[in-house]
Chemist: 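Here it is: the structure, laid out below.
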Amino acid sequence: IQVIKVLMANGVMANINQMIDYDTAAIVANEIGFEAVPESENEVEIEKDLGEVPLWRQIIEREDQKNLIPRPPVVTILGHVDHGKTSLLDAIRHTNVTAGEAGGITQHIGAYQIESHGKAITFLDTPGHAAFSAMRARGAQGADIVILVVAANDGVMPQTKEAISHAKAARVPIIVALNKIDRSDANQDLVKKQLSEQGLMADTWGGNTMVVPVSAKQKIGIEDLMEAILMTAEEMKIMANPKGKVFGTVVEASVDTKKGVMATLLVQNGTLKMGDVVLAGNSYGKIRAMFDFRGKKIQKAGPSTPVQIMGLTDVPTAGDIFQVYFSEKEARAVVSAAKADAALNRNLPKATLEELFAKFKAGETKELCLIIKTDVNGSLEPIINSLNELSKEGEIKVNILHAEAGNISENDVMLAAASHGVVIGFNVQADPVARKKAENEGVSIRIYDIIYRLTEDIEKALKGMLEPEY
Ligand code: GDP
């Protein structure tokens, strides 16, 4: 506040999230009795790279700055199958929920909250990047921090790499939980080496990725992991305005034969109250009952609180963003308008190369996000190298979100959908499920059998000369 006052006195109308240049900062620092020291060039670079701004950051910029308070971080767990995601979620739940309650929490509503060192942390308890990407594809970003579980005896596996790509595409910080350290065949150093090859250099090795050794089975290291989360959250300055505009994300939803539609919502800003009219996707309704993750009735829920609500007309989709409206009439009108809109735009592909170029021209996008799948590992490098060459020439950057040998899978399509990217295949097929998903999500898949044709197409797209696909 003091900083903002000085800025205003100097004619700079700044808000709390605004970046100011170094010279201005130095003057302000001086006026309030501090000396400014420039950060290293390197750190400034990292700041600039944060292209995708999470929704909550965008919204709180418009909120009343004096009402912003830190909110608990929302954490999701990703990792290869069998590396211990579910076990870790259970271990965290049991270690940190007070003894008397632990036995009572048997229901899963898709999220839970624990307390550690007097601070709350919210966990999304549907692990896996399918859920993570499904949320992003709908414009939501449920998680602030990703815990990447890697089994110390098994190391970095295909889904570990996928998870890293998903988290990086979303620009969500990663903390590694190096699990199963109780096993005799655990090899922590080998896994750290493999992680460094994926761009995650352990802090103990001079990098900036926190790697926390844990055993979900023997409940070792769980507290260290919680500390790592709290430290990361503090650095990120995750804020919300409990008195502000109420919005959040649908975590999951289903129909209960007795209670009707039950939806788990994660409040990201404002305070959700009993009787509020909620609109989520194409579903709306007045909240008739509200429960916390323990199944206890509650009257209101602030930022980062997961709640289960009763009263929606239809089942919303996980990842839908919800908002509060003044009346059911208003919500109904918004839904009808949205449905009419959707009917007009049906089957319009979201991200064909041609469409993306239109966006480049309009200045909306400055990078072309690609997911690359090839028949063999040996084809990856030449393709990536020539695409990076193209990227250097033009104004628009090529951003390779994920590159791996293997057929095009549903996960590849979801990653593309979430990042408005395109899937490029070289001598591979798309799985039938992936094709269907691509159709539904409007993601374009392009398959080539000659590298030259592939790079030529991307070059044309970057220059805007590409003939339409159909
Ligand atoms: P997920 O597929 O990632 O959710 O993995 P699970 O949590 O289902 O765990 C897969 C298997 O690994 C199960 O048999 C667990 O009992 C076992 N497991 C999980 N964590 C540990 C651990 O810390 N140590 C050992 N030895 N086994 C573990």
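What you see is a predicted model, and the numbers here were worked out from it, not measured in a lab. Worth knowing before you read on, the calculation uses all heavy atoms, side chains too, and leaves out hydrogens, waters and symmetry mates. Numbering of ligands and ligand atoms starts at 1, following listing order.
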Chemist: Tell me, which protein residue and heavy-atom name are nearest atom 26 (N) of ligand 1, and how many Å apart are they?
Modeler: Asp182 OD2, 2.9 Å
Chemist: List the atom of Leu266, the atom of Pro306, and the distance in Å for their closest heavy-atom pair.
Modeler: CD1-N, 4.2 Å
Chemist: To which protein heavy atom is atom 21 (C) of ligand 1 closest, and what is the distance rounded to 0.1 Å?
Modeler: Lys180 CG, 3.6 Å
Chemist: Any protein heavy atom under 4.0 Å from atom 13 (C) of ligand 1?
Modeler: no
Chemist: Can you name the nearest heavy-atom pair linking Ser116 to Glu223, along with the distance?
Modeler: OG-OE1, 3.4 Å
Chemist: Taking the six-membered ring of Tyr112 (Phe, Tyr or Trp), confirm whether the NZ or CZ of Arg93 is under 6.0 Å from its centre and within 45° of its axis.
Modeler: yes
Chemist: Could you check atom 10 (C) of ligand 1 against the protein and tell me its nearest heavy-atom contact, residue, atom and distance included?
Modeler: Asp82 O, 3.4 Å
Chemist: Tell me which protein heavy atom sits closest to atom 4 (O) of ligand 1, plus the residue, atom name and distance to 0.1 Å.
Modeler: Thr86 OG1, 2.6 Å
Chemist: Side chain to side chain contact (heavy atoms under 4.5 Å, CB included), that's the test. Do Asp203 and Asn208 meet it? Break it down for me.
Modeler: CA-CA 5 Å; Asp203 50 356; Asn208 47 22; over 6 Å; no
Chemist: For ligand 1, is any non-hydrogen atom under 4.0 Å from Gln218's backbone (N, CA, C, O), its side chain (CB onward), both, or neither?
Modeler: neither
Chemist: When only distance counts, is Arg183 in polar contact with ligand 1, meaning an N/O pair under 3.5 Å?
Modeler: no
Chemist: For atom 27 (N) of ligand 1, what is the nearest protein heavy atom, given as residue, atom name and distance?
Modeler: Lys217 CD, 3.6 Å
Chemist: Which residue and non-hydrogen atom of the protein lie closest to atom 20 (N) of ligand 1, and at what distance in Å?
Modeler: Asn179 ND2, 3.2 Å
Chemist: Is there any N or O on Ala216 that sits under 3.5 Å from an N or O of ligand 1?
Modeler: yes
Chemist: Distance to 0.1 Å, residue and atom name: give those for the protein heavy atom nearest to atom 5 (O) of ligand 1.
Modeler: Gly84 N, 3.1 Å
Chemist: So that I can tick it off, tell me whether Lys217 and Asp182 are bridged by a salt bridge, with the cut-off set at under 4.0 angstrom between side-chain N and carboxylate O.
Modeler: no
Chemist: Grab the two heavy atoms, one from Val422 and one from Ala416, that are nearest each other, plus how far apart they are.
Modeler: N-CB, 4.4 Å
Chemist: With backbone taken as N, CA, C and O and side chain as the heavy atoms from C-beta onward, which portion of Lys85 lies under 4.0 Å from ligand 1: side chain, backbone, both, or neither?
Modeler: both
Chemist: To check you understand the geometry: which heavy-atom pair defines the closest contact between Asn407 and Asp412, and what is its length?
Modeler: O-OD2, 3.7 Å
Chemist: Please write down residue, atom name and distance for the protein heavy atom closest to atom 9 (O) of ligand 1.
Modeler: Ser87 OG, 3.5 Å
Chemist: Ala111 and Asp125: which non-hydrogen atoms are nearest, and at how many Å?
Modeler: N-OD1, 3.8 Å
Chemist: In ligand 1, which numbered atoms sit nearer than 4.0 Å to a non-hydrogen atom of His80?
Modeler: 3 (O)
Chemist: How long is the straight-line distance from SG of Cys369 back to CG of Asn399, given to the nearest 0.5 Å?
Modeler: 4.5 Å
